[in-house]
Enquirer: 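Let me give you the structure first, and then I'll get to my questions.
Keep in mind that the numbers below use all heavy atoms, side chains included, and drop hydrogens, waters and symmetry copies. Residues take their numbers from the sequence shown, with the count starting at 1.
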Amino acid sequence: MTDRETVGSVTLDLTDYSGEDLYSDGAIEDVLLDIAKKNPPSEFPRIIAEQKSWPVFYHLSPFRTNIIDWLPFKKTDKVLEIGSGCGAITGALARRAGSVTCIDLSKKRSLVNAHRNKEYDNITIKVGNFQDIEPHLDEDFDCVLLIGVFEYGQAYIGGDTPYEDFMRICNRHRKEDGRLIIAIENKFGLKYWAGCREDHLGTYFSGLEGYHAGGSARTFTRRGLECIMERVGIREYSFYYPYPDYKFMTTVYSDRYLPKKGELSNNLRNFDRERVLLFDEKQVFDEIIAEKEFPLFSNSYLLVAGAAPDVIYTKFSNDRAPKWAIQTKMVQRAPEQIQVEKIPHTAAAYGHMQNTQKAYALLAKRYEGTKIEMNKCSEKDGNVENGLVFEYCNGITFEAMLDECLSRADMEGFRALVDEYMEWLRYGEDEQQSVSNIDFIFPNILVDGDKWHVIDYEWTFEKYVPAKDIAFRAFYNYTLGGEGREACRELLFKEILGLTDEEIDAAVCKEQELQSEISGNHVSVDGMRELIGNRAYELDGMIGHCHYADERFVAQLYFDYGEGFCEEHSVKLKDCFVMQKDLRIEYELPQEAVRVRIDPCSNMCTVSIRSIMVNEKLYVGEDMETNGCWHPCGSLIFDSEDPNITINVAGGGLLHVDMEVMELPEILAKNLVETASGQNLLDRTKCFIKQKLKG
């Protein structure tokens with residue numbers, strides 16, 4: 001086997017490859033490799049939507065790169081990516097850095113990486129075991145990245161202190177002024193408390209319970225990671241908080257800029273597995289933020305060991321058509337100097353920057369001399385293609401002010417705020433007016449004393465849009481943010497705007513059409529959850545189903561002590577069904593019982609008996625009395641809502657029952673009984689004739 005292979009301009013270094021992939025996710029990797037070989041990355045979004053597959057979405061989505069696209073890379077940087085997998089972020093690194101050295105255990109995954117990034121001549125992928133490759137690595141990388149890898153330190157390194165050793169080894173390969181960057185889930189992330197399964201094990205509450213059941217991965221709280229760094233000797237570091245999590249991050253916060261109440265409402269992101277909904281995460285996040293405990297419950301961490309980047313906050317708005325895809329950053333150049341930047345995510349978005357700059361001038365003129373102030377903007381580094389720079393404004397969002405009124409049940413105050421909002425929305429309104437800001441929504445208004453700062457006005461058009469239509473957008477988006485807000489629909493839509501149910505439905509459709517246009521009609525990240533199809537089960541529904549199951553999936557045993565069966569001598573068994581169809585019973589029978597009646601349920605059904613035993617005695621059909629009808633296939637059909645099977649017993653013993661019970665509609669149950677009865681009669685007649693002929 002040659003030590004090197006090339007795919008396009010990418011080099012695969014196989015010096016330490018054993019010749020066999022010791023880690024694989026199975027056939028899906030062949031699918032991924034086939035896609036990467038036959039399609040350019042520009043086709044991946046279409047394929048992802050068609051496949052409706054979590055692994056395809058996870059490995060090939062362009063939005064995976066958000067986690068590193070805000071970090072300050074230079075074209076001279078030398079980058080080490082450990083655990084590069086299928087190359088979800090490798091291409092983004094190659095575009096911005098000087099060279100990228102990847103390490104991955106799997107050759108097949110590395111081939112996916114190479115084929116999707118074959119245009120880049122600055123990528124080398126080293127295939128093999130990390131411990132074999134690591135001793136030969138340089139120690140002057142500007143950046144060492146472990147994105148979704150550090151949690152597998154036990155598998156990578158082994159030993160008594162695998163995570164300390166893993167961090168220590170990785171850290172020694174960065175320059176003194178370089179950075180070690182780790183993206184990892186927080187084992188105390190709020191989504192796990194709320195009912196999401198643990199990402200690596202697929203079980204509920206595993207991390208919260210300390211991984212007592214084992215598994216190959218471990219995640220950590222912030223304090224847990226800090227303890228590891230303390231033992232390793234890393235003193236300079238900063239934490240960032242990707243939201244909703246690091247895999248498909250839309251926003252990243254920092255200790256210098258933490259989330260505000262009302263901001264964390266996009267929490268239903270269970271792409272990989274079904275989940276339960278134990279509470280409203282948005283409402284709980286608001287309480288956590290108020291208690292200043294967000295870092296403890298952030299779903300993910302991005303740990304930067306080394307000098308902290310200047311960026312203190314980033315929001316990606318790139319799940320859009322390319323001409324509107326942007327990134328918003330807050331950059332802290334000095335302790336008291338923060339500026340906001342909007343950066344075009346694609347070359348096609350340069351025009352959107354120009355339109356935003358023009359919108360500022362038009363809106364500032366419209367509201368000149370009022371309490372409404374447009375956030376001033378200017379070209380970044382003197383060129384709109386580099387983006388726009390905005391002043392940083394202090395204040396509380398109008399959205400948070402409304403939420404505060406709701407929390408105090410102050411509906412008079414709530415109504416007064418909305419009335420003032422409507423007044424300013426209509427200010428200067430004229431059908432001849434040539435400018436309308438349809439982005440005049442509650443999160444985009446910062447209230448500071450008697451000033452209202454409008455911090456975002458990118459959706460401004462040089463045409464007349466009725467204030468009523470803009471208000472609907474603001475109200476509609478507000479009511480999507482939780483149950484408390486939802487309760488305001490009647491007030492906002494009907495009392496204030498005077499809309500009928502039909503008009504509300506039409507306005508919702510119009511808003512959805514606008515969002516579809518903005519997204520470029522591609523399937524959004526949120527939309528992929530619906531396509532993949534993993535459900536989120538609400539707690540009330542689960543409890544309701546449990547009550548239903550307690551009524552429907554209950555077996556009953558009756559004991560005859562020589563005087564017949566009665567309710568007094570019976571027991572109900574509520575936890576004996578598996579998957580609502582497999583009835584499994586183990587019950588110690590009373591010694592005095594002479595007969596036992598088994599009622600598998602209380603509805604018409606078909607019963608397939610796998611076994612009925614008492615101690616070592618196995619009961620067959622001729623040993624049983626039943627009010628059902630034996631079907632030629634060997635199952636019992638019951639057209640009664642009191643199905644039962646009776647067996648004779650003596651001296652007690654352990655009863656074992658194993659049968660499949662399936663509920664039947666009445667018409668089907670009666671037809672099956674009629675058919676089976678006719679067949680049984682025919683069989684008995686044939687048997688009688690044969691016996692007569694033999695006689």
Side-chain angles (χ1 to χ4, degrees), residues 315 317 320-330 339-395 397-399 418 420-477 507 510-511 513-515 517-518:
K315 180 178 180 180
S317 301
R320 299 173 171 179
K323 63 180 178 179
W324 289 313
I326 64 170
Q327 178 187 158
T328 303
K329 292 182 178 181
M330 289 185 185
Q339 69 181 31
V340 180
E341 302 175 356
K342 287 188 181 292
I343 312 297
H345 198 73
T346 65
Y350 295 159
H352 190 47
M353 295 289 96
Q354 292 173 326
N355 291 338
T356 301
Q357 189 177 28
K358 188 175 183 180
Y360 165 70
L362 293 170
L363 291 168
K365 183 178 180 180
R366 175 176 173 177
Y367 287 101
E368 187 175 8
T370 73
K371 70 186 295 182
I372 306 298
E373 291 191 352
M374 296 297 132
N375 191 8
K376 295 178 183 178
C377 72
S378 58
E379 295 175 351
K380 185 175 186 291
D381 300 326
N383 190 336
V384 73
E385 292 187 2
N386 296 325
L388 298 173
V389 177
F390 297 78
E391 290 184 339
Y392 175 76
C393 299
N394 292 304
T397 66
F398 194 77
E399 180 179 57
V418 175
E420 185 176 6
Y421 166 82
M422 293 299 299
E423 178 184 338
W424 288 114
L425 185 58
R426 294 190 181 103
Y427 180 84
E429 183 182 44
D430 187 332
E431 291 196 16
Q432 304 305 314
Q433 178 68 255
S434 60
V435 58
S436 299
N437 174 21
I438 70 168
D439 222 14
F440 195 61
I441 60 177
F442 304 153
N444 290 341
I445 302 169
L446 273 181
V447 179
D448 185 18
D450 62 348
K451 291 293 184 183
W452 285 22
H453 300 287
V454 180
I455 59 173
D456 199 346
Y457 38 81
E458 64 173 319
W459 301 114
T460 297
F461 300 97
E462 292 187 69
K463 65 178 182 179
Y464 170 73
V465 178
K468 189 175 182 179
D469 292 354
I470 299 174
F472 178 82
R473 288 198 77 233
F475 295 174
Y476 176 67
N477 283 282
K510 187 176 180 180
E511 173 66 14
E513 288 170 2
L514 173 64
Q515 294 302 325
E517 181 183 355
I518 292 171

Enquirer: Are E458 and I326 close enough that some pair of their side-chain heavy atoms sits under 4.5 Å apart?
Expert: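 Of all side-chain heavy-atom pairs linking I326 with E458, at least one is under 4.5 Å.
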Enquirer: Please give me the minimum heavy-atom distance between E517 and W324, naming the atom from each residue.
Expert: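 Nearest pair, atom of E517 first, then W324: O-CZ3, 3.3 Å.
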Enquirer: To the nearest 0.5 angstrom, please state how far the CG atom of D456 sits from the CD1 atom of I441.
Expert: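 CD1 of I441 is found 8.0 Å from CG of D456.
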Enquirer: So, for H453 and N394, which heavy atoms are closest and what is the spacing to 0.1 Å?
Expert: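 Minimum heavy-atom separation between H453 and N394: CD2-O, 3.9 Å.
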Enquirer: Taking the side chain as C-beta and beyond, is there a heavy-atom pair between P443 and T397 under 4.5 Å?
Expert: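 No, too far: nothing below the 4.5 Å cut-off.
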Enquirer: Return yes when atom CD of Q515 has more than 12 non-hydrogen atoms of other residues, nucleotides or ligands closer than 6.0 Å, and no otherwise.
Expert: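 Yes, the 6.0 Å shell around CD holds more than 12 heavy atoms from other groups.
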Enquirer: Rounded to the nearest 0.5 Å, what's the gap from CD1 on I455 to CG on D439? Could you check?
Expert: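 Going from CD1 on I455 over to CG on D439, the span is 10.0 Å.
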Enquirer: Is it the case that the side chain of D381 and the backbone of N383 share a donor-acceptor pair, with hydrogens and angles ignored and the cut-off at 3.5 Å?
Expert: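 It does not hold such a pair.
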Enquirer: Looking at side-chain heavy atoms only, is the closest gap between R473 and I470 below 4.5 Å?
Expert: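 Contact flag for R473/I470 side chains = no.
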Enquirer: Please check if the side chain of Y457 supplies one atom and the backbone of N375 the other of a donor-acceptor pair under 3.5 Å.
Expert: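 Flag set: sc Y457 to bb N375 pair under 3.5 Å.
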Enquirer: Might you point out which heavy atoms bring I438 and F461 nearest each other, and give the distance in Å?
Expert: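 Reported closest heavy-atom pair: CD1-CE1, 3.5 Å.
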Enquirer: Consider ring pair (Phe, Tyr, Trp, His ring centres under 6.0 Å). Of Y421, F398, W424, which one does F440 pass it with?
Expert: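 Going through the options one by one, the only one that passes is Y421.
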Enquirer: How close do G387 and P344 get, heavy atom to heavy atom, and via which atoms?
Expert: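 The answer is CA-CD, 3.7 Å.
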Enquirer: Any side-chain heavy atom of W452 sitting closer than 4.5 Å to one from E420?
Expert: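 Counting from C-beta outward, W452 and E420 do come under 4.5 Å.
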Enquirer: R366 side chain to S436 main-chain N or O, any donor-acceptor pair under 3.5 Å?
Expert: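 Judged by distance alone, no pair lies under 3.5 Å.
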Enquirer: Would you check, one step at a time, whether the test side chain to side chain contact (heavy atoms under 4.5 Å, CB included) holds for F475 with V418?
Expert: CA-CA 10 Å; F475 295 174; V418 175; 3.7 Å; yes
Enquirer: Measure the spacing between CG of L425 and NZ of K468 and express it to the nearest 0.5 Å.
Expert: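 Separation between the atoms: 12.5 Å.
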Enquirer: Quick one: CD on E341 to CG on L388, what's the gap to the nearest 0.5 Å?
Expert: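 So the gap between those two atoms works out to 10.0 Å.
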Enquirer: When you look at NZ of K451, are more than 12 heavy atoms from neighbouring residues, nucleotides or ligands closer to it than 6.0 Å?
Expert: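 Atom NZ in K451 is packed in, count exceeds 12.
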Enquirer: Could you check, using the six-membered ring where one of them is a Trp, whether W459 and H352 have ring centers closer than 6.0 angstrom?
Expert: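 Ring centroids of W459 and H352 are less than 6.0 Å from each other.
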Enquirer: Less than 4.5 Å apart, any side-chain heavy atom of T370 and any of Y427?
Expert: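 Yes, their side chains come closer than 4.5 Å.
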Enquirer: Between CE of M374 and OG1 of T460, what distance do you get to the nearest 0.5 Å?
Expert: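 Between M374 CE and T460 OG1, I get 8.0 Å after rounding to 0.5 Å.
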Enquirer: Check whether any side-chain heavy atom of K358 sits under 4.5 Å from a side-chain heavy atom of E462, and report yes or no.
Expert: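 A side-chain contact exists here, since the closest heavy-atom pair is under 4.5 Å.
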Enquirer: Taking NZ in K315 as the centre, count heavy atoms belonging to other residues, nucleotides or ligands within less than 6.0 Å. Is the count above 12?
Expert: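 For K315, atom NZ is not crowded (no more than 12 foreign heavy atoms under 6.0 Å).
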Enquirer: For the atom pair CG (D448) and NZ (K371), what is the distance rounded to the nearest 0.5 Å?
Expert: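 So the CG of D448 and the NZ of K371 are separated by 11.5 Å.
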Enquirer: Please report the closest heavy-atom contact between D469 and V465, naming both atoms and the distance.
Expert: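 In terms of heavy atoms, the two residues are closest at CB-CG1, 4.1 Å.
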